[in-house]
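Atoms considered below: every heavy atom in the structure, side chains included; atoms not considered: hydrogens, waters and symmetry mates.
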Amino acid sequence: MNTKYVLIDHENVQPKDLALLNGQLPHVIVFLGANQKSVSTDLTMALQARGANGQYVKISSNGRNALDSHIAFYLGELSAKDRSASFHVISKDGGYDPLLHHLRSRGIDAQRSETLASLLPV
């Protein structure tokens, strides 16, 4: 079974919690902007309950596409470590699409969705 990663652009999409992922085992990484001062208690508790499979990355500075660049970096770093992993970026920002298309052309499973609900099995 391949490792699954969900990378959430919290500046762009603020899920209330991760209940939709119950029963699934992805690693969840929530990326926070430098100026974001709060995260919902439900999301915090749900991420904490994931143990080692949940983490926050708070970027330290502002700038155009600063958070997007961090997510792109993590996609590259994680895919270099495990080419069989799959990646799902949660964001309404279509700016990720060219990168994700490039990753797919290199044989890496990488998608973007606007909501966590899209990750539910059909």
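- Atoms CG and CD1, on Leu75 and Ile108 in that order, are 9.0 Å from each other to the nearest 0.5 Å.
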| Stepwise side-chain contact (heavy atoms from CB on, under 4.5 Å) test for Thr44 and Tyr56 | CA-CA 9 Å; Thr44 301; Tyr56 290 105; 3.3 Å; yes

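- Nearest heavy atoms, Asn2 versus Ala85: ND2-C, 4.0 Å.
- Glu11 places no side-chain N or O within 3.5 Å of a backbone atom of Leu67 that could act as its donor or acceptor partner.
- Distance alone, capped at 3.5 Å, is enough to place a donor-acceptor pair between the Arg50 side chain and the Pro26 backbone.
- Put simply, the side chain of Arg83 gets close to the backbone of Arg106: a donor and an acceptor are under 3.5 Å apart.
- The minimum heavy-atom distance linking Ser86 with Asp109 is given by the pair CB-OD2, 3.0 Å.
- Ser84 approaches Asp82 most closely through the heavy-atom pair OG-OD1, 2.7 Å.
- Contact annotation: the side chain of Val39 never approaches that of Val30 to less than 4.5 Å [non-hydrogen atoms, C-beta and beyond].
- Taking each heavy atom of Ser61 and Ala66 in turn, the nearest pair found is O-CB, 3.9 Å.
- Distance check: Ser79 OG to Phe87 CZ gives 5.0 Å after rounding to the nearest 0.5 Å.
- What you find for Pro15 and His10 is that their closest heavy atoms are CD-CD2, 4.3 Å.
- The distance from atom CG of Asp93 to atom CD of Glu114, rounded to the nearest 0.5 Å, is 10.0 Å.
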| query | Should Leu116 and Ile8 be marked as a side-chain contact (heavy atoms from CB on, under 4.5 Å) after you check the CA-CA gap, both sets of side-chain angles, and the distance that decides it? | reply | CA-CA 9 Å; Leu116 285 175; Ile8 300 174; 4.3 Å; yes

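- At distances below 3.5 Å, at least one donor-acceptor pair connects side-chain atoms of Lys58 with backbone N or O atoms of Gly33.
- Considering Ile71, Ile90, Leu32 in turn, Ile71 is the only one that fulfils the side chain to side chain contact (heavy atoms under 4.5 Å, CB included) rule with Asp9.
- Remark: aromatic rings of Tyr5 and Tyr74 are distant, center separation not under 6.0 Å.
- In this structure, CG on Leu7 lies 13.5 Å from CZ on Arg112, to the nearest 0.5 angstrom.
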| message | Show, in sequence, the C-alpha distance, side-chain angles and deciding distance for Ser113 and His88, and conclude whether the side-chain contact (heavy atoms from CB on, under 4.5 Å) test is met. | response | CA-CA 7 Å; Ser113 297; His88 214 106; 2.5 Å; yes

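- Counting heavy atoms of neighbouring residues, nucleotides and ligands inside a 6.0 Å radius, atom CD of Gln36 exceeds 12 of them.
- Atoms OH and CG, from Tyr96 and Asn65 in turn, are 8.0 Å apart once rounded to the nearest 0.5 Å.
- Under the 3.5 Å distance criterion, with hydrogens and angles disregarded, no donor-acceptor pair is assigned to the side chains of Thr3 and His27.
- Two different hydrophobic clusters hold Val28 and Leu78 under the rule that ILVMFWY side chains link at heavy-atom gaps under 4.5 Å.
- Closest approach of Gly54 and Leu47 over heavy atoms only: CA-CD1, 3.6 Å.
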| message | Between Leu18 and Leu43, is the side-chain contact (heavy atoms from CB on, under 4.5 Å) condition met? List the steps. | response | CA-CA 6 Å; Leu18 303 175; Leu43 177 61; 3.6 Å; yes

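- Both Val13 and Val6 are part of a single hydrophobic cluster, where members link through side-chain heavy atoms under 4.5 Å apart.
- Residues Leu103 and Ile29 are members of one and the same hydrophobic cluster, defined by side-chain heavy-atom contacts under 4.5 angstrom among Ile, Leu, Val, Met, Phe, Trp and Tyr.
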